[in-house]
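Structure first, then comments.
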Amino acid sequence: MNGAIKVGAYALGLAVVFGGALGAGRVVGPIGEVAVETPHGAGHRGETATAAAPVSPGPATVPGGLQISQGGYTLLPETGEVKAGERADFRFSVIGPDGHPVTRFTTQHGKRLHFIVVRRDLTGFQHLHPVEKGDGIWSVPLTLPAAGEYRAFADFAPEGAGGMTLGMDLAAAGDYRPEPLPVPARTAEVGDYAVTLAGDLVPGRMSRLTLTVAKDGRPVTDLQPYLGAYGHLVALRDGDLAYLHVHPDGEPGDGRTAPGPGITFHAEVPSAGTYRLFLDFQHAGTVRTAEFTAATVPGVGGGSGTEPGEKADATPSPAPTPTGGRDAGGSDSDGHGADGHSH
Ligand SMILES: [Cu+2]
C-alpha cells in the first residue's frame, strides 16, 4: 500500500518566502529581528543596526508547513495509528528548544493553536482547535474520513517567538484513490452559498484577494465574526502542500470592515503554480468552508523573462497593476480609493 505514497515526500526543498501563521503578521521566524551581537561586532557598536537588520528574509526562508521541525520547535505526535472513518483522540505536543513540551503560546485569532488537516490530494480539509490542559499535550477528536496520506499543520506562536507552522504526515491505511485537483474557478459553492473570488495570486508579490459571499443569489451582509474575523483563509500549494501565509484586511469592530459580502485578504505566494484556497466563514451560526483552485498569474511588466519565484528586486519599471502595494498598510491607494467592495 505504500508505493504511491512516497511521491508526496519529494517536493520539499523549494525554498522561498512563505510565511508561517494564520494571519500572525509578517513572516518572522524565531530568528527574526533580534539584532545579534556577534563577536566581530565589537568595536562597531554604532553600526550594528545596519548590519543586523534583515530587510528581506531572502531565498533561504522555507515555506511554512513543510517541516516537522523548524526554528528549534518540533511537532511530536503521540497517537500512532488513525483508522479511516473512525474517530480518534489525536494527541501531540510541540517540543521547544529546551527539549520540553511548550505550554505557553500566544493567542492568535482567538486560539492558542490552529490545527489543519487535509489529505494529500487536497480533499477533506478540516480546521480544528485542539485543547491543551497545561501539560503541553494537545488533544483533538479527529476523524480521517477515507484512506490516504494526510498532512496535518499546527499553526501557533510560542510565547516570545514568532508565529510558525509545522507539518506532519498522518496515514489512514486502506485503498487510497487520490482525486484530481479541480480546475481553477472563480466561484465555489457550499450548501446554499456561493463564494466568488476576485484578485489573482502573483508570485513573489503581496496580492489582494476578495471573496464575496452570497446566499440564494443575494449578497450576504451579516457575516458573523469567527475567531475574530469575518473569514479565515488557508492556502496550500499543490505539489507539496506548503502552507501559505494569508492575513485578513481588517477585522470586525475596527470601524471600517463590513460584515460582508466581501472579505479581503492579502496573500503572498512564493512561486508560480497552483494553490488550493480554503475560506472559513460563519453565517447564521454555522461555519462553512468554500474551496477554490487558483493558478498564479505572471508578475508585473510585459517581459516575463525572469523566474517568478525570485523576488522582483530587479523589476525595471514600477508596476501599474491594481493589485495593491507591496504592503498592507495604506496600500491599495491606486485609483479606486475605497476598499474594493461597495458598502
Ligand atoms: Cu483555527
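In listed order, ligands and their atoms are each counted from 1.
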#### Entry: Leu166 and Phe153, any side-chain heavy atoms less than 4.5 Å apart
no
### Task
Using the six-membered ring wherever Trp is involved, compare the ring planes of Phe156 and Tyr73 and label them parallel, tilted or perpendicular (cut-offs 30° and 60°).
perpendicular
### Summary
the Cu ion (ligand 1) has as its nearest N, O or S atom from His114 the atom ND1
Return all side-chain donor-acceptor pairs below 3.5 angstrom for residues 184-192, not counting sequence neighbours, or 'none' if the list is empty.
unit_1, atom_1, unit_2, atom_2, d
Arg186, NH1, Leu197, O, 3.1
Arg186, NH1, Gly199, O, 2.8
Arg186, NH2, Asp200, OD1, 2.6

### Query
Vertex the Cu ion (ligand 1): angle to NE2 of His129 and NE2 of His127, to 10°?
110°
### Task
Tell me who clusters with Leu227, hydrophobic residues only, linked when side chains sit under 4.5 Å apart either directly or through other members.
Tyr226, Val287
### Query
Of the backbone and side-chain N, O or S atoms of His232, does one lie nearer to the Cu ion (ligand 1) than 2.8 Å?
no
